[in-house]
Structures are given as structure tokens and as C-alpha cells.
Amino acid sequence: MRGPEQMFQQGEAALRSGDLDEGERDFKAVLAFDPNSAGAYANLGVIYMRRKQWQPALDTLQKASALAPQVAGIRLNIGLVHYRQAAYAAAIPPFESVVRDVPTSEQARHLLGLCYFFTEHYVEAASTLEPLWATQSNDLNYLYVLGIAAHKANRDDLGQSALGRMVEVGENSAELHLFLGKAHLNREEYDEAIAELEQAAKIDGKLPFVRFNLGLAYLKKQNLDAARAEFLKDAAIEPDLADNYDQLGLIAYLQQHDTQAEESLRKALQLNSNLTSAHFELARVYQRDGKFAAALSEADAALKFSPNNQPLHYLRGQVLKRLGRGAEAQAEMKIASDLYESSLNKRQKEFESGPLPNPEVAREPK
């Protein structure tokens with residue numbers, strides 16, 4: 001009969017060889033002998049991560065971390081589980097703890113900087129990413145994020161340094177023009193963005209995210225047909241990118257093609273259930289179609305990921321009013337009013353006027 005130590009070693013061997021089913025059986029057998037084996041829980045978490053079974057991965061990794069709070073690698077994996085689901089705010093605390101305990105971990109620092117960037121904490125993003133310059137300044141993705149974060153944090157010298165280095169490293173490549181186009185998009189320079197992105201497409205017509213960002217530029221210029229064409233082109237290149245279907249759903253909603261909007265938004269949520277904007281747009285579709293219970297469900301789903309979003313609370317208040325839940329509707333409208341007055345979302349007239357989606361920079365750093 002195998003002992004727990006032998007089972008653990010066999011589980012590790014199975015994990016290294018990619019036999020996830022065997023590894024899962026071995027580590028579960030270890031836990032039957034020793035329910036407090038942090039290593040068995042941690043390895044089960046890795047197995048579930050590889051299968052993209054995010055909730056079981058999170059559950060087992062949190063058990064491992066509770067049993068071995070000193071092991072930074074477990075907390076790093078907890079952050080990665082959140083990151084890979086685009087739950088960037090939830091990923092920040094575990095990544096922060098790793099950077100605090102292991103300040104030499106470039107992976108944790110880079111991922112933390114990206115999470116700050118995606119959650120619009122630009123000062124923190126710039127200060128977190130800047131120390132990586134020595135090892136990452138040949139990476140266009142890193143330079144783009146650092147440059148935009150520095151610009152938005154009013155650190156113009158750092159932003160210009162990142163932009164200059166990006167041009168130097170990029171050498172007129174399609175990738176360089178992609179990131180230059182995205183930089184113009186962030187500065188609301190839409191014609192300049194289109195020129196750069198078209199140049200990228202001319203150099204490499206199959207480069208991912210070029211057509212997506214062209215779609216964003218045309219959408220900002222309110223050219224809905226041109227935007228739709230670009231998102232469809234990018235979807236042909238990247239069929240698993242939820243953001244394309246999210247934007248196609250928005251355009252269909254704006255053009256009052258509600259059946260098409262629902263189809264696109266459902267596809268987006270099938271690919272990324274955490275996509276707040278897709279839940280929001282779907283709620284608006286159902287609201288317009290008089291499906292108020294469904295609209296409320298989608299608004300509630302969106303609020304889980306963006307609890308301080310003023311337009312979401314306003315929409316929820318409208319839907320509650322139509323459902324005859326007057327007191328709750330009044331409470332939601334009060335929340336929406338308070339959020340607007342506190343300037344948490346004052347710059348947003350509509351949900352889609354928030355930060356640009358950045359799927360091209362969400363790839364995990366190597």
C-alpha cells in the first residue's frame with residue numbers, strides 16, 4: 001500500500017508529465033491521509049488552473065495558503081487565477097503580498113503593475129513598473145503600458161522615455177504601429193490612431209488586435225458601420241476574444257438591433273463571464289425590450305464586478321421602478337446620485353465612455 005509521501009511524489013511526477021487526472025487522484029489520496037497537506041492543495045490548484053477550472057483552483061489554493069501563509073508562490077497562483085479571469089481588482093492583494101515578501105519577483109511586480117493599469121490606478125502602475133526597465137525595456141507591451149500609465153500619472157518625462165524607447169525597439173514593425181495607434185486612442189486622437197493602425201494592418205494584415213483597435217477608433221468617431229466591420233475582421237483572426245463580441249453587441253444595441261445585440265453579448269459572456277460591460281449592455285437590451293427581470297439579473301451581475309459604477313446603479317434603479325419596487329428603486333437612484341456627486345464616475349456619461357479595453361496588453365509577462 002502506498003504511503004502519503006509516495007503518493008505525493010507520484011502526484012508530482014504525474015503533474016510534471018502532464019497527466020492531470022493521475023495527479024489529481026494522487027493528491028486527493030494524500031489529503032485523505034493528511035487533510036492539512038498544504039502541498040497537496042497547492043498542486044491540486046495548479047491542476048485546476050491548467051484545466052481552466054477557476055473556482056476549484058481558487059478554493060484549493062486558498063486552503064493551501066491558509067495552511068502555509070509564508071509560501072509566496074501559492075499567493076502568486078491565487079493572483080493568476082483572478083488575472084486569467086480578468087478580475088484585476090481581486091488579483092491586486094495577492095500580487096501586492098508577493099511583491100512585499102519577495103521584492104525580487106519580477107513576474108509578480110509586472111502582473112501587479114498591469115492590474116493597477118487595468119483598474120486605472122495609474123500612479124501605482126507607473127511606480128510599480130518603472131523598476132523593471134532594466135530587464136523589460138525591449139518589450140513593446142511593457143513600454144506601452146508604462147508610457148500610458150506615466151502619461152496619465154502626469155509623469156511626462158517617464159512617459160516620453162517609454163515612447164522614445166518604444167519607437168527605437170519597434171523599428172517600424174506592425175507591432176510598433178499597433179501600440180502607437182493605441183497610444184493615440186488613449187489620448188483621444190482618433191484620426192492619428194487610425195493612420196497608425198492602418199499602417200500596422202498594411203505591414204501585417206493578420207496581426208491580432210489591430211482590427212479591434214481600428215474598431216474602437218471608428219466607434220469613438222461614431223462611424224458604427226466601419227467599427228462593426230473592423231470588429232468582425234478581428235473576430236475572424238481571434239475567434240475567442242470576448243471583447244470583439246462585446247463591442248459588436250454595443251453597436252447592435254446602438255443601432256436598435258436587439259436580437260443581434262443579445263446574441264453577440266451572450267457570446268462575449270460565454271468567453272468571459274466577468275466582462276462587466278457585456279452584462280451592462282445586455283441589461284440595457286432587456287430593459288428596452290421590457291424584460292425587466294432579466295435586465296435586473298444582468299445589472300446585478302455587472303455590479304458584482306463594478307460596485308461603484310454610477311451608470312449601473314442608475315440603470316438598476318430604472319429597472320426596479322418598472323418592476324414596481326419603488327423603495328428599492330429610490331435607494332438605487334440615491335446611490336447613483338451620491339456616486340456622481342462624489343466624482344467617482346463623474347467623467348462617465350455612459351458606461352462605454354470609460355477606459356478603453358486593453359486586451360492586447362493583458363497577456364501574461366514571460
Side-chain angles (χ1 to χ4, degrees), residues 49-55 57-58 79-91 111 114-115 117-120 141 145 178 182 185 197 206-220 224 227-255 257-286 294-295 297-306 309 311-312 350-364:
M49 288 174 71
R50 291 187 184 178
R51 291 176 178 163
K52 298 184 178 181
Q53 296 174 298
W54 303 123
Q55 193 56 52
L58 187 60
L80 282 168
V81 169
H82 292 303
Y83 188 90
R84 290 172 184 173
Q85 297 178 87
Y88 302 117
L111 287 163
L114 289 173
C115 288
F117 179 81
F118 292 136
T119 54
E120 300 182 83
N141 192 70
V145 174
L178 166 62
K182 191 58 180 280
L185 266 177
L197 293 165
K206 296 296 185 181
L207 181 64
F209 305 113
V210 172
R211 295 297 179 182
F212 174 78
N213 283 294
L214 273 168
L216 291 179
Y218 284 122
L219 184 57
K220 292 295 185 179
L224 300 185
R228 181 175 183 275
E230 295 298 338
F231 291 127
L232 286 171
K233 289 176 185 176
D234 197 67
I237 298 170
E238 305 177 278
D240 293 332
L241 181 63
D243 300 82
N244 279 314
Y245 304 101
D246 182 33
Q247 299 300 321
L248 287 167
L250 167 61
I251 291 169
Y253 171 81
L254 294 173
Q255 294 180 327
H257 300 155
D258 286 354
T259 300
Q260 184 180 338
E262 181 179 5
E263 180 181 340
S264 294
L265 293 166
R266 282 292 173 203
K267 176 67 172 178
L269 291 169
Q270 178 185 344
L271 293 167
N272 181 2
S273 62
N274 292 347
L275 199 55
T276 311
S277 52
H279 285 295
F280 175 78
E281 292 302 337
L282 197 53
R284 294 211 296 178
V285 169
Y286 290 143
S297 177
E298 293 300 329
D300 287 343
L303 281 169
K304 290 180 182 177
F305 305 109
S306 187
N309 188 279
L312 269 174
E350 290 288 341
F351 189 89
E352 62 269 17
S353 68
L356 290 171
N358 289 284
E360 68 281 351
V361 299
R363 293 167 291 179
E364 289 176 34

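Scope of the values below: all heavy atoms of this structure, side chains included, with no hydrogens, waters or symmetry mates. Source: prediction; values computed, not measured.
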Problem - Euclidean distance, Q260 CD relative to L265 CG, rounded to 0.5 Å - result: 10.5 Å
Problem - ring pair (Phe, Tyr, Trp, His ring centres under 6.0 Å) involving Y83 - partner list, sequence neighbours excluded - result: Y88
Completion exercise
side chain to side chain donor-acceptor pair (under 3.5 Å) filter on D246, not counting sequence neighbours, yields S277
Donor-acceptor contacts under 3.5 Å from residues 207-219 side chains, at least two apart:
unit_1	atom_1	unit_2	atom_2	d
R211	NH1	E230	OE1	3.1
R211	NH1	E230	OE2	3.4
N213	OD1	K182	NZ	3.2
N213	ND2	F209	O	2.9

Exercise for the section: Write down the atom of G249, the atom of A261, and the distance for their closest heavy-atom approach. Expected result: O-CB, 3.5 Å
Handout entry: Validation row: T276, N309 side chains within 4.5 angstrom (heavy atoms)
Key = no
Problem - Partners passing side chain to side chain donor-acceptor pair (under 3.5 Å) against R266 (at least two apart in sequence or in another chain) - result: Y286, E298
Problem - Min side-chain heavy-atom separation Y253-L282 under 4.5 Å - result: no
Exercise for the section: Look only at the side chain of H279 and the backbone of S273, and say whether a donor-acceptor pair between them is shorter than 3.5 Å. Expected result: yes
Fill in the blank from the handout: Sorted by chain and number, sequence neighbours left out, side chain to side chain donor-acceptor pair (under 3.5 Å) with D258 holds for R288
Completion exercise
Correct closest heavy-atom pair for S306 and L312 would be O-CD1, 3.8 Å
Handout entry: Criterion side-chain contact (heavy atoms from CB on, under 4.5 Å) on V361 and F118, from CA distance to verdict
Key = CA-CA 9 Å; V361 299; F118 292 136; 3.4 Å; yes
Problem - Any donor-acceptor pair under 3.5 Å from Q53 side chain to M49 backbone - result: no
Handout entry: OG-NE2 distance between S264 and H257, expressed to the nearest 0.5 angstrom
Key = 11.5 Å
Practice task
Drop me the distance from L250's CG to F280's CZ, to the nearest 0.5 angstrom.
Solution key: 9.5 Å
Completion exercise
Interatomic distance, NZ@K304 vs CG@D300, rounded to 0.5 Å, equals 7.5 Å
Handout entry: Spatial distance of atom CD (Q85) from atom CG (L58) [nearest 0.5 Å]
Key = 7.5 Å
Handout entry: NZ on K267 to CG on D240, rounded to 0.5 Å
Key = 7.0 Å
Completion exercise
Sorted by chain and residue number, the side chain to side chain donor-acceptor pair (under 3.5 Å) partners of Q255 (sequence neighbours excluded) come out as D225
Exercise for the section: Identify the heavy atoms of A268 and A278 that sit nearest to each other, and give their distance. Expected result: CB-CB, 4.3 Å
Handout entry: Residue pair A235 / N244: nearest heavy atoms and the distance that separates them
Key = N-ND2, 3.6 Å
Practice task
Please name the pair of heavy atoms, one in T119 and one in A89, separated by the smallest distance, quoted to 0.1 Å.
Solution key: CG2-N, 3.8 Å
Exercise for the section: Taking all heavy atoms of P359 and all of D243, pick out the closest pair and write down the distance. Expected result: CB-OD1, 3.7 Å
